[in-house]
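For reference, the structure is listed below as structure tokens.
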Amino acid sequence: MKNVCCNLFVYSRLFKALTILLFLTAFANARATIFNYQAILDGPSESPPNSSPATGFATVNYDSTLHTLALNMSWSGLTGPTTASHIHAATTSPGTGTAGVATTTPYFAGFPIGVTSGTYANTLDLTLASSWNGSYITANGGTTAGAEAALAPAMASDRAYLNIHSQTFPGGEIRGFLQPVPEPSSMALLLLGASALVWKVRRARKG
């Protein structure tokens, strides 16, 4: 009976600690205006999958206050020269499927065409129609604000992907779904919470 009571006490304290941790994390995220995403691009992640040996990596930082999208990409090993690159959204299911192009077609402004490896960095002003695919704007209320309001939750819910097209694979040689990157403050809170839980368990066992 004593062990049961002790376990209930420990579980109660752990539940309270977890509740506080989740609240603090939610509060920190609610204040954030910059949302960081990353994507690992490869052939097997395309739809349909392909056997391209090429790989790529991209970071996408969305600022909901300044209404910008900062892109940084690198890739190598494409089997054909580049022809296009953009962000697609939103797929029906997270992490799978296909969707129409959301950003500028056929490729981001200044994106290197005709190469098999390279890098790219640019910041899109989401208030400008030139940063978007015209049909994506039309499908989302006819304004850039509507397009942004549609893309933001697509990225946050794993339903947006970035890909690179080549002459060998016109439909896309490599792609990757955008995955959220925890902000440093949230990671610090999680580590702090984990340390607190370990300390509480050890203390309860000693008691």
Side-chain angles (χ1 to χ4, degrees), residues 35-62 68-126 128-144 146-181:
F35 302 86
N36 304 311
Y37 300 93
Q38 65 181 24
I40 298 175
L41 288 67
D42 57 29
S45 297
E46 274 288 358
S47 182
N50 64 63
S51 58
S52 171
T55 57
F57 181 76
T59 61
V60 176
N61 299 326
Y62 167 54
T68 59
L69 204 65
L71 308 168
N72 279 279
M73 303 168 56
S74 63
W75 65 95
S76 63
L78 293 176
T79 59
T82 53
T83 57
S85 182
H86 32 238
I87 293 175
H88 296 248
T91 59
T92 302
S93 301
T96 188
T98 60
V101 179
T103 55
T104 312
T105 58
Y107 47 82
F108 300 113
F111 184 84
I113 296 300
V115 300
T116 57
S117 63
T119 60
Y120 175 72
N122 193 18
T123 298
L124 306 182
D125 183 342
L126 300 182
L128 300 179
S130 58
S131 295
W132 300 95
N133 178 4
S135 61
Y136 190 78
I137 293 178
T138 301
N140 290 286
T143 66
T144 57
E148 181 180 347
L151 179 60
M155 293 189 294
S157 60
D158 194 24
R159 295 184 301 121
Y161 60 88
L162 188 156
N163 69 346
I164 297 177
H165 302 245
S166 71
Q167 288 184 7
T168 307
F169 295 96
E173 181 159 348
I174 56 175
R175 80 165 181 173
F177 276 81
L178 300 180
Q179 303 291 323
V181 178

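Here the structure is a predicted model, which means the values were calculated and not measured.
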Search all heavy atoms of [X] against all heavy atoms of [Y] and return the closest pair with its distance.
X: S76; Y: S117; answer: CA-CB, 3.5 Å
X: P180; Y: A156; answer: CG-O, 4.4 Å
X: G77; Y: P53; answer: O-CG, 3.9 Å
X: N72; Y: A121; answer: OD1-CB, 3.3 Å
X: N50; Y: G172; answer: ND2-O, 3.6 Å
X: Y136; Y: L151; answer: OH-N, 3.3 Å

Looking at [atom1] of [X] and [atom2] of [Y], how far apart are the two atoms once the value is rounded to the nearest 0.5 Å?
X: T68; Y: L124; atom1: OG1; atom2: CG; answer: 8.5 Å
X: I174; Y: T55; atom1: CD1; atom2: OG1; answer: 6.5 Å
X: Y37; Y: Q179; atom1: OH; atom2: CD; answer: 10.5 Å
X: S93; Y: R159; atom1: OG; atom2: CZ; answer: 9.0 Å
X: L178; Y: N36; atom1: CG; atom2: CG; answer: 11.5 Å

For residues [X] and [Y], determine if any side-chain heavy atom of one lies less than 4.5 Å from a side-chain heavy atom of the other.
X: E46; Y: S52; value: no
X: L69; Y: V60; value: yes
X: L126; Y: W132; value: yes
X: T123; Y: D125; value: no

S45: partners by side chain to side chain contact (heavy atoms under 4.5 Å, CB included), with sequence neighbours left out: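 Applying side chain to side chain contact (heavy atoms under 4.5 Å, CB included) to S45 gives D42, R175.
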Residues that T82 engages under side chain to side chain contact (heavy atoms under 4.5 Å, CB included), provided they are two or more places apart: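 Residues passing side chain to side chain contact (heavy atoms under 4.5 Å, CB included) with T82: W75, L78, F111, I113, V115, I164.
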No-hydrogen, no-angle side-chain donor-acceptor test under 3.5 Å, T79 and E173: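 There is such a pair (donor and acceptor under 3.5 Å, judged by atom type) between the side chains of T79 and E173.
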Distance-only polar pair, side chains of Y161 and N163, donor-acceptor under 3.5 Å: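 N163 and Y161 do not have a side-chain donor-acceptor pair below 3.5 Å.
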Which pairs would a plain distance check flag for residues 95-110, meaning a side-chain donor or acceptor within less than 3.5 Å of a matching protein atom at least two apart in sequence or in another chain?
{"residue": "T103", "atom": "OG1", "partner": "I87", "partner atom": "N", "Å": "3.0"}
{"residue": "T104", "atom": "OG1", "partner": "S130", "partner atom": "O", "Å": "2.7"}
{"residue": "T104", "atom": "OG1", "partner": "S131", "partner atom": "O", "Å": "3.3"}

Exam field: side chain T91 to backbone P94, donor-acceptor pair closer than 3.5 Å: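 It does not hold such a pair.
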Y62 side-chain N/O to M155 backbone N/O, donor-acceptor pair under 3.5 Å: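 A pair under 3.5 Å: no.
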